[in-house]
There are 2 protein chains.
Amino acid sequence: MVLFWTKGYHATSLKDLEVTLQMKPGSIYAAFQSKESLFRATLDRYAAKMASEMQAVLDTAQSPLTGLRNHLISLANLAPTDKPSTSCMLVKSLLEVGHVDALRDAVQNHLNRIQISLTHAVQMAQNAGELSQSLDCDRVARRLQTYIFGLKIQAQRETDPRRMRQLCEDLATELSQSVAA
Amino acid sequence: MVLFWTKGYHATSLKDLEVTLQMKPGSIYAAFQSKESLFRATLDRYAAKMASEMQAVLDTAQSPLTGLRNHLISLANLAPTDKPSTSCMLVKSLLEVGHVDALRDAVQNHLNRIQISLTHAVQMAQNAGELSQSLDCDRVARRLQTYIFGLKIQAQRETDPRRMRQLCEDLATELSQSVAA
DNA sequence: GCACAATTTGAACGATCACTCAAGAATTAA
DNA sequence: TTAATTCTTGAGTGATCGTTCAAATTGTGC
């Protein structure tokens, strides 16, 4: 997963996979049917990992809205020198293999599921009275996800951790304000 | 440029380039030294094109802030079925070839230049009294660019043009409000 | 019309690509 | 211990990768 995540689908060769997995080609093809299918499996794994990490942040927060804010702010801890890539593997894959139908659909499904989780979180914040009752939760969630996408790309660029943190906090603040009950 | 933009660097083969350019390998290598160098040239061209389009939107607007809003809203016109890719070639390249030093630096420079243009636009809005005097223009510009990144990725996902437009307008509104004089 | 320079051609290069498969090693069942 | 089964091995597949170069073609100056 880390290999595909950092190098991308096309740039990852079977030689790379042999070394990393410590398996010979035959074994790789016995376990997974093809490079594409192995890649799809890593996408699933990544999405599960990402979803559970996000859920953990949301669940441990004092309140639903605080959880969402914390999640945005947690993106400040990504540094562009980090391994694996600070960028979202799903976004990276969407851009790279978006023209391969099977892979694009897999990525889209994962992103949709994450968006639904966000919608639920927003709904909870609304139920808790932290958000205006009139707000469309799905709409807010889409905006939130747009922030996340943007921030993860900035994380690939921004070398100054102070500015990165500032940016995350700016967006977190904006969320609270524009959405307040 | 369109070829690299849509397929990405690695997925574009020299056969593809031969067909699209209508040139034989020898000519391609005489004109450009290598695939990488040709790719870098397309990055330059893309960045120039994108910068001038953005500048046109900014310049024709009634006011600086309106220009920035219009630019955000113009992203609603991207549809995921569009050719070439609706995603920003620079972002796509940053994610795909971010681990190749020469290419990453080229992309970073282009993105930095665009950010500077945004900073100037924000500065003009501030000078025009549309923004609070106390705001850090560079900081606002970074936030703006984060929106743009996020929106262009959403444009790859969102199939409903109504929702896409709504999203762009949400972010444009947010910009005006959070930044108002 | 002719010599000379610049460009284009496309076959060929070694390397690497994703992938296969017959043969051998390891594991399990009796 | 042995027979059956599963897993692993790694050389080998044809295809394609990015790249080169000598020969053919085209363009230029006189």
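Lettering follows sequence order; numbering is per chain, from 1.
- Side chains of B:Asp16 and B:Ser13: a donor on one and an acceptor on the other come within 3.5 Å.
- Looking at residues two or more places apart in sequence or on another chain, you find no ring-ring contact (aromatic ring centres under 6.0 Å, His included) involving A:Tyr29.
- Residue pairs meeting the side chain to side chain donor-acceptor pair (under 3.5 Å) criterion with at least one partner in residues 64-73 of chain A, sequence neighbours excluded, are A:Ser63-A:Thr66, A:Arg69-A:Ser176.
- Per the geometry, OH belonging to B:Tyr9 stands 13 Å off P belonging to D:dC17, to the nearest Å.
- The cationic group of B:Lys35 lies under 6.0 Å from the six-membered ring centre of B:Tyr9 and within 45° of the ring axis, placing it in a cation-pi geometry.
- With salt bridges taken as basic N to acidic carboxylate O contacts below 4.0 Å, none links A:Glu96 and A:Lys92.
- The span of DNA chain C lying next to chain B, judged by atoms under 4.0 Å from heavy atoms, is bounded 5' to 3' by C:dT8 to C:dA11.
- For the pair A:Met1 and A:Lys49, the minimum side-chain heavy-atom distance is below 4.5 Å.
- DNA chain D is contacted by A:Lys24, A:Pro25, A:Gly26, A:Ser27 of residues 16-31 of chain A, taking any non-hydrogen atom closer than 4.0 Å.
- For B:Met124, the side-chain contact (heavy atoms from CB on, under 4.5 Å) test picks out B:Pro64, with sequence neighbours left out.
- Listed by chain and residue number, B:Arg142 satisfy the salt bridge (Lys or Arg N to Asp or Glu O under 4.0 Å) test with B:Asp138 (two or more places apart in sequence, or in another chain).
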